[in-house]
Amino acid sequence: MPELPEVETVRRSLAPRIVGQVFRSVDVDFPGCLEGLAPHELNERLRGRCVEGTFRLGKYLGFSLDSGASLVIHLRMTGRLIFCEATHFEKTEYTRAVFHFVSGKAVRFDDQRKFGRVMWFANQSSLERRLALGYEPFDPRLGEREFSELLSGRRRSIKSFLLDQKHIAGIGNIYADEGLFRAGIAPWRPAGTLSQAEAARLLKAVREVLAEGIEYKGTSLRDYVDGDGRKGGFQERLRVYGREGKPCCLCGAAVERVVLAGRSSFYCPRCQA
DNA sequence: AATGGCCTGGTG
DNA sequence: CACCAGGCCATT
């Protein structure tokens, strides 16, 4: 499940390989993965364009083009972007699109569940309007005070709040649970009931867990791999996520699971309140 | 702010 | 054979 650390890891693995590459063509095997444009339109807009840089916004991965436009991809749950050297390149049964460069190299977009999306934006403002994302978690403008302010008066659960991309972008189910555990806060607490100290603790914990996730190159529970097909290592360091019934690493109590905001939420009944 | 839909492979 | 995983979006 690519969340911020996984998307950032994919970005870092692809950047050195594709910056400077010029698009030749795009094969679209599953047109449903394109949002808002047809395969021939995407081809027209990419052909001959050079990739000038890469960026990440929340869980979206972007490539900025010399036309001023950008190609943006969301991996959703099972999406993968795999860099292919010209010599060994083959599609899989889950290949939804292939971006070919004039160099002969390519990037394959594979996605088992067909949830992932490929988008194209003419400029920055149309992109921002469409994605409508909140703060980047590491944005220095998001201080303890601002975070506390965001929470105040909200009755929805803190877990559900953390998952809402229009407030803070990039946090998914895994890193939300891990951040809440590290902050010692129960996931069902109404967001507005967190004290200033708790809010500060949570912001710090979320930042730490995301940074550590990037450091370990993401969590590979199932499908996730980076642009070179490599798995991450953060799954070894998860303290509560997916550990129902197993002992808490701090107190030994059995980790519990509850459904919140329609999602499994794992927590330690003793360490989190 | 909460809920159902989109998807499909793996599991009970 | 039903159900679960879980991003985001549309609907209520």
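Throughout, a chain's letter reflects where its sequence line sits, starting with A, and its residues are numbered from 1.
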K.L.:
So A:Thr78, base contact, sugar-phosphate only, or nothing? Heavy-atom distance under 4.0 Å.
P.N.:
nothing
K.L.:
More 5' along DNA chain C: A:Arg113 or A:Leu131, using each one's nearest nucleotide?
P.N.:
A:Arg113
K.L.:
Quickly work out the A:Arg129 CZ to C:dC9 P distance and round it to whole Å.
P.N.:
15 Å
K.L.:
In whole Å, what is the span from the CG atom of A:Leu133 to the P atom of C:dC9?
P.N.:
9 Å
K.L.:
If the cut-off is 4.0 Å, is A:Lys114 near the phosphate of B:dT8, judged by side-chain N/O to OP1 or OP2?
P.N.:
yes
K.L.:
A:Ile171 has an atom CD1; how far is it from atom P of C:dC8, in whole Å?
P.N.:
11 Å
K.L.:
Between B:dT8 atom C1' and A:Arg80 atom CZ, what is the distance in whole Å?
P.N.:
15 Å
K.L.:
Is any side-chain N of the basic residue among A:Arg237 and A:Glu178 closer than 4.0 Å to the acidic one's carboxylate O?
P.N.:
no
K.L.:
Which nucleotide, C:dC9, B:dG9, B:dG5, lies nearest any side-chain atom of A:Gln112?
P.N.:
B:dG9
K.L.:
Distance check needed: C:dA10 C1' versus A:Lys166 NZ, whole Å only.
P.N.:
13 Å
K.L.:
Applying salt bridge (Lys or Arg N to Asp or Glu O under 4.0 Å) between A:Asp228 and each of A:Arg17, A:Lys217, A:Arg12, report the one that passes.
P.N.:
A:Arg17
K.L.:
Would you classify A:Arg263 as touching base, sugar-phosphate or nothing, given that sugar-phosphate means primed atoms plus P, OP1 and OP2, and contacts are heavy atoms under 4.0 Å?
P.N.:
base
K.L.:
Report the nucleotide, chosen from C:dC9, C:dC8, B:dG9, that has the shortest atom-to-atom distance to any side-chain atom of A:Tyr94.
P.N.:
B:dG9
K.L.:
Let me spell it out: for each of A:Gly262 and A:Phe30, pick the nucleotide of DNA chain B with the closest heavy atom. Which residue's pick is nearer the 5' end?
P.N.:
A:Gly262
K.L.:
Answer yes or no: does a side-chain N or O of A:His74 lie under 4.0 Å from OP1 or OP2 of C:dG7?
P.N.:
no
K.L.:
Nearest-Å distance, CG (A:Asp223) to P (B:dT8)?
P.N.:
14 Å
K.L.:
Check every atom of C:dA5, C:dC8, C:dC9 against the side chain of A:Ser264 and return the nucleotide holding the closest atom.
P.N.:
C:dA5
K.L.:
Please report the distance, rounded to the nearest Å, between NZ in A:Lys159 and P in B:dA2.
P.N.:
14 Å
K.L.:
Contact class for A:Arg117 vs. all strands (heavy atom < 4.0 Å): base, sugar-phosphate, or nothing?
P.N.:
nothing
K.L.:
Counting C-beta onward and ignoring hydrogens, is there a side-chain heavy-atom pair between A:Leu194 and A:Arg189 closer than 4.5 Å?
P.N.:
yes
K.L.:
Assign each of A:Arg155 and A:Glu93 to its nearest nucleotide of DNA chain B by heavy atoms, then name whichever residue's nucleotide is nearer the 5' end.
P.N.:
A:Arg155
K.L.:
Using 0.5 Å steps for rounding, measure from the CZ atom of A:Arg239 to the CZ atom of A:Phe181.
P.N.:
6.5 Å
K.L.:
Measure CG/A:Asp164 against P/C:dA10 and give the value in whole Å, please.
P.N.:
14 Å
K.L.:
Between C:dG7, C:dC8, B:dC7, spot the one nearest the side chain of A:Leu163, thanks.
P.N.:
C:dG7
K.L.:
Distance check: side-chain N/O of A:Gln165 vs OP1/OP2 of C:dC8, anything under 4.0 Å?
P.N.:
yes
K.L.:
Under 6.0 Å from the ring centre and within 45 degrees of the ring axis: does the NZ or CZ of A:Arg96 meet both conditions for the six-membered ring of A:Phe30?
P.N.:
yes
K.L.:
Could you check which of B:dA2, B:dC6, C:dC8 has an atom nearest any side-chain atom of A:Phe115?
P.N.:
B:dC6
K.L.:
Decide yes or no for A:Glu136 and A:Leu142: does some side-chain heavy atom of the first lie under 4.5 Å from some side-chain heavy atom of the second?
P.N.:
no
K.L.:
Which nucleotide, C:dC8, C:dG7, C:dA5, lies nearest any side-chain atom of A:Tyr60?
P.N.:
C:dC8
K.L.:
As a test of reading the structure: which of B:dC7, C:dA5, B:dG5 is closest to the side chain of A:Arg257, going by heavy atoms?
P.N.:
C:dA5
K.L.:
So, is A:Arg130 near the phosphate of C:dC9, with a side-chain N or O under 4.0 Å from OP1 or OP2?
P.N.:
yes
